[in-house]
Number of protein chains: 2
Amino acid sequence: MKLPGYENPELNAVFAALADPTRRAILARLSEGEANVRDLAEPFEMSQPAVSKHLKVLEASGLIERGQVGQSRPAYLKAAPMKEAMDWMEQFSRFWSGSFDQLDALLETMKSSEEDDLKDD
Amino acid sequence: MKLPGYENPELNAVFAALADPTRRAILARLSEGEANVRDLAEPFEMSQPAVSKHLKVLEASGLIERGQVGQSRPAYLKAAPMKEAMDWMEQFSRFWSGSFDQLDALLETMKSSEEDDLKDD
DNA sequence: TAGTTTCATAACCATATGGTTATTTCTTTA
DNA sequence: TAAAGAAATAACCATATGGTTATGAAACTA
């Protein structure tokens, strides 16, 4: 059995990072330009340490990096890991391109199951 | 501030579902054909209830549905929500297409910061 | 040098997550 | 009808997650 994407800690980290709405908003914000912690904390009703934690998660996933400009540590996007995640998802594209649905296979199974029943007569 | 994808529970659920390697492997397996719980539990060193839990998470995310064939409840892919996730990620594609990197903006910031310093003379 | 700003870290809390074993429910089959 | 099989559910456990407040450490600024 081929298990693509199985045991790929990088994918774990990227998807886990994207699972939180605050982090997605932070990424969206960073796509418009680099920002420091206070910039990012401001639009959310959230403390500064909470934002720092989110940034740490994003940094661990590779989706952002941090700079150092004086006492400020601006975060900026490094979206390459997101591409890896998309590449993994691509293997399922035939299931939403309209030409195929796994439901077909299920119905096929149910049909052959009925045929088995008939064979028993 | 525009926050695309913020407060979108469906995206939360899809990304969270994909963050677990076992669930990704299950999805990969299901892309080759529908399977019941025992089929899915077999290749993993994992109990049947654990797999049932994973299936529940996947079902809640909309990535799979369950059928009923006798006492078996085969799972099959419904990858459409994955497309929604990819659509959200698409907004960052310019950051990995080679033509742009948010690091540019950071360096720009640092440069203008230096200019500020010079201005102080 | 003293104060202010930016950020990180520590300690804590409530809840979620991923696993287990034991049990129950439903369905098929002997 | 009794036994067996498939899957769900319950109860439990350890750890992770997302938040808080309080504090600490650098780096600017007056």
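Chain A is the first sequence line, chain B the second, and so forth, proteins listed ahead of strands; every chain is numbered from 1. Any value given below was found using the heavy atoms of this structure, including those in side chains, with hydrogens, waters and symmetry copies removed.
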Would you call B/Glu84 and B/Val14 a side-chain contact if the rule is heavy atoms closer than 4.5 Å?
-> no
What integer distance in Å separates B/Asn12:CG from C/dT15:P?
-> 19 Å
Is A/Asn12 close to B/Asp20 at the side-chain level, that is, under 4.5 Å between some pair of heavy atoms?
-> no
Verify the contact: side-chain N or O of B/Lys53 to OP1 or OP2 of D/dA8, cut-off strictly under 4.0 Å; return yes or no.
-> no
A/Val57 vs A/Arg23 side-chain heavy atoms within contact, under 4.5 Å | yes
Rounding to a whole Å, what distance do you find between B/Glu45:CD and C/dG18:P?
-> 18 Å
Which heavy-atom pair separates B/Met86 from A/Trp96 by the least distance, and what is that distance?
-> SD-CH2, 3.4 Å
Between A/Asp20 and A/Gly70, name the one whose nearest nucleotide on DNA chain D is closer to the 5' end.
-> A/Asp20
Can you find an N or O donor on one side and an acceptor on the other, under 3.5 Å apart, linking the side chain of B/Gln48 with the base of D/dA8?
-> yes
Is it true that the side chains of A/Arg24 and B/Asn8 contain a donor and an acceptor less than 3.5 Å apart?
-> no
Between D/dC28 atom C1' and A/Arg38 atom CZ, what is the distance in whole Å?
-> 14 Å
B/Asn36 side chain: which of C/dT27, D/dA7, C/dT20 is closest?
-> D/dA7
In whole angstrom, what separates A/Lys56's NZ from D/dG18's P?
-> 14 Å
With heavy atoms under 4.0 Å as the rule, sort A/Ser72 into base, sugar-phosphate or nothing.
-> sugar-phosphate
Whole-Å distance between D/dA16 C1' and A/Arg23 CZ?
-> 12 Å
Among the nucleotides C/dA8, C/dT21, D/dT20, whichever has the atom closest to the side chain of A/Ser52 is C/dA8
Note: for A/Pro49 and B/Ala16 on DNA chain C, the residue whose nearest nucleotide lies more 5' is A/Pro49
Find the distance A/Leu58:CG to D/dG18:C1' and express it as a whole number of Å.
-> 13 Å
Which of the following nucleotides, C/dT20, C/dC7, D/dA7, is nearest to the side chain of B/Met46?
-> C/dT20
Proximity to the side chain of B/His54 - top-ranked nucleotide from D/dT20, D/dA7, C/dG18 = C/dG18
Could you tell me the separation between the CG atom of B/Leu18 and the P atom of C/dG18, rounded to a whole number of Å?
-> 12 Å
For the side chain of A/Arg66, starting at C-beta, report the closest nucleotide among D/dT20, C/dC7, C/dT21.
-> C/dC7
What's the CG-P distance between B/Leu55 and D/dA6, to the nearest Å?
-> 15 Å
From C/dT6, D/dA7, C/dT27, nucleotide with atom closest to B/Arg73 side chain | D/dA7
Is the base of C/dT28 touched by the side chain of B/Gln71 through a donor-acceptor pair closer than 3.5 angstrom?
-> no
